[in-house]
Amino acid sequence: MSVKSQLLKDRLPRHVAIIMDGNGRWAKKRGNMRIFGHRNGVKAVRAVTEASAELGIDYLTLYAFSTENWSRPKSEVDALMSLLVSTISDETKTLMKNNVQLRTIGNVETLPQDVRDKLQTCIIQTSNNTGLTLVLALSYSSRWEISKAVKGIAADVKAGKVAIEQINDDLFVSYLETKNIPDPELLIRTSGELRISNFLLWQIAYSELYFSDVLWPDFGKEDFYHALLDFQKRERRFGKTSDQLILNK
Ligand code: FPP
């Protein structure tokens, strides 16, 4: 029986987030430059996007470029930015065909103008698509997002728009980059690293974590199905006991 056919349609996560890791090591193992790994990583991006759209998952968030990634050598940053531009241009047609909407989270104003222009065009073009929402985290870090939310709330308190007593989880969420996006039920990280690396720290409070040893360029649909199947075997208790969950069924 294939892994895909074992998946229960009614128990799929609505939102999957992925830390795509291992491109550099994948390239190094082949005696190539790191950008060769990033270029091959695009194939994996295509595979998980297609699989998510086919399965009917609502949101897929990919950590494509972190705030900390700006500290990489300029040549690698420049190559990654060019790759983003060419990938968005090449893939817009496929996103349209698969009814996928593109969104971004992160400090996109810090991205080069040509990247922002391409993103904006693709976001507008795909804005009426009703299937999967593909969220690219670009120049993103969770601490930046949380600080920004705190500044936004503080400014609104100062302006008399928000009372301190109104500050709760729901209000906080409305100041995050991910407002109107449900929290991911599943977070996947590839390449065997067991870290969260400043990604969606608020949003993953109750996410199931799945770590794969596969390097990102090798991560294919089958690996994605394995992660989903593993997720479906987990008992999500949200602080309750197993007995309470059985009684509430
Ligand atoms: C991490 O691997 C990967 C990145 C920092 C970039 C991810 C980018 C892509 C997959 C290509 C473009 C993406 C889109 C959405 C078009 P690493 O470089 O940290 O690998 P290492 O840990 O082996 O060095």
Side-chain angles (χ1 to χ4, degrees), residues 1-21 48 51-63 66 103 105 131-135 137 140-150 153 162-214 216 219 221-249:
M1 213 207 240
S2 74
V3 182
K4 189 182 180 189
S5 66
Q6 292 173 58
L7 292 172
L8 304 171
K9 271 265 171 202
D10 57 347
R11 288 200 52 196
L12 284 168
R14 276 194 74 198
H15 182 179
V16 180
I18 307 185
I19 303 174
M20 311 181 284
D21 195 13
V48 291
S52 301
E54 280 166 8
L55 289 169
I57 288 170
D58 292 332
Y59 297 90
L60 174 69
T61 299
L62 303 177
Y63 205 4
S66 71
R103 267 185 73 165
I105 54 171
L132 173 74
T133 299
L134 173 64
V135 184
Y140 173 87
S141 83
S142 219
R143 288 182 176 180
W144 165 82
E145 177 188 36
I146 290 171
S147 309
K148 184 172 156 257
V150 171
I153 295 172
V162 170
I164 289 178
E165 301 68 44
Q166 283 176 279
I167 301 174
N168 58 21
D169 285 8
D170 290 339
L171 182 102
F172 198 82
V173 163
S174 72
Y175 285 80
L176 291 174
E177 292 282 292
T178 51
K179 68 170 178 216
N180 305 325
I181 299 179
D183 289 343
E185 295 95 328
L186 173 64
L187 171 70
I188 300 171
R189 182 173 190 145
T190 60
S191 91
E193 303 289 352
L194 309 178
R195 283 190 295 279
I196 302 300
S197 300
N198 217 347
F199 190 44
L200 302 176
L201 297 179
W202 173 282
Q203 297 86 341
I204 61 165
Y206 281 101
S207 303
E208 296 297 326
L209 308 181
Y210 180 87
F211 297 99
S212 164
D213 285 333
V214 176
W216 179 250
F219 197 82
K221 283 190 181 183
E222 282 304 307
D223 300 296
F224 189 57
Y225 300 146
H226 273 288
L228 294 171
L229 193 61
D230 190 88
F231 167 81
Q232 293 193 332
K233 289 182 184 149
R234 311 259 182 111
E235 182 185 64
R236 307 191 71 217
R237 289 200 294 275
F238 302 98
K240 295 184 180 170
T241 67
S242 286
D243 290 346
Q244 282 177 302
L245 295 181
I246 293 162
L247 281 174
N248 289 342
K249 261 191 186 162

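The first residue in the sequence is number 1, and the count goes up from there.
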For this session: Please determine which of Leu55, Ile188, Val3 meets the side-chain contact (heavy atoms from CB on, under 4.5 Å) test together with Leu228.
Result: Leu55

Exercise. Atom CD1 of Ile204 and atom CG of Leu209: how far apart are they, to the nearest 0.5 Å?
Worked result: 6.0 Å

For this session: Return the set of residues passing side-chain contact (heavy atoms from CB on, under 4.5 Å) with Asn198 (not counting sequence neighbours), or none when no residue passes.
Result: Tyr63, Glu68, Ser141, Ser142, Arg143, Leu201

Exercise. How would you list, by chain and number, every residue that makes a salt bridge (charged side-chain N to carboxylate O under 4.0 Å, His left out) with Glu185, sequence neighbours excluded?
Worked result: none

Seminar exercise, completed: Taken in chain and number order and not counting sequence neighbours, the residues that satisfy ring pair (Phe, Tyr, Trp, His ring centres under 6.0 Å) with Tyr175 are none

Seminar exercise, completed: Heavy-atom nearest pair, Lys9 first then Gly56, reads NZ-N, 4.5 Å

For this session: Could you name each residue pair satisfying salt bridge (charged side-chain N to carboxylate O under 4.0 Å, His left out) that touches residues 190-214, not counting sequence neighbours?
Result: Arg25-Glu193, Glu193-Arg195, Glu208-Arg234, Glu208-Arg236

Seminar exercise, completed: salt bridge (charged side-chain N to carboxylate O under 4.0 Å, His left out) filter on Lys179, not counting sequence neighbours, yields none

Exercise. Mind checking whether Val48 and Phe219 have side chains closer than 4.5 Å, heavy atoms only?
Worked result: yes

Problem set entry | Validation row: Lys148, Glu177 side chains within 4.5 angstrom (heavy atoms) | yes

Seminar exercise, completed: Interatomic distance, CG@Asp223 vs CH2@Trp216, rounded to 0.5 Å, equals 9.5 Å

Exercise. Who are the side-chain hydrogen bond (donor to acceptor under 3.5 Å, both in side chains) partners of Thr61, not counting sequence neighbours?
Worked result: His15

For this session: List the steps and the verdict of side chain to side chain contact (heavy atoms under 4.5 Å, CB included) for Glu145 and Thr178.
Result: CA-CA 9 Å; Glu145 177 188 36; Thr178 51; 3.9 Å; yes

For this session: Please identify each residue that fulfils ring pair (Phe, Tyr, Trp, His ring centres under 6.0 Å) with Trp202, with sequence neighbours left out.
Result: Phe172

Problem set entry | Point-to-point distance, once rounded to the nearest 0.5 Å, from CD1 of Ile57 to CG of Leu134 | 12.0 Å

Problem set entry | Residues forming a ring pair (Phe, Tyr, Trp, His ring centres under 6.0 Å) with Phe224, sequence neighbours excluded | none

Problem set entry | Contacts of type salt bridge (charged side-chain N to carboxylate O under 4.0 Å, His left out), residue Glu235, not counting sequence neighbours | Arg237

For this session: Drop me the distance from Asp58's CG to Leu132's CG, to the nearest 0.5 angstrom.
Result: 8.0 Å

Seminar exercise, completed: side-chain hydrogen bond (donor to acceptor under 3.5 Å, both in side chains) filter on Ser207, not counting sequence neighbours, yields none

Exercise. Can you name the side-chain contact (heavy atoms from CB on, under 4.5 Å) partners of Gln166, sequence neighbours left out?
Worked result: Val162, Ala163

Problem set entry | Heavy-atom pair with the smallest gap, counting every atom of Tyr59 and Ile181 | CD2-CG2, 3.8 Å

Exercise. Going by the angle between their ring planes, with limits at 30° and 60°, are Tyr140 and Trp144 parallel, tilted or perpendicular?
Worked result: perpendicular

Exercise. Thr190 side chain to Asp21 main-chain N or O, any donor-acceptor pair under 3.5 Å?
Worked result: yes

Exercise. Can you tell me how far CZ of Phe199 sits from CG of Leu62, rounded to the nearest 0.5 angstrom?
Worked result: 7.5 Å

Problem set entry | side-chain hydrogen bond (donor to acceptor under 3.5 Å, both in side chains) involving Ser197 - partner list, sequence neighbours excluded | Arg189

Problem set entry | Sole residue of Leu186, Val16, Leu12, Leu7 in side-chain contact (heavy atoms from CB on, under 4.5 Å) with Phe231 | Leu186

Exercise. Are more than 12 heavy atoms from other residues, nucleotides or ligands located less than 6.0 Å from atom CD1 of Ile164?
Worked result: no

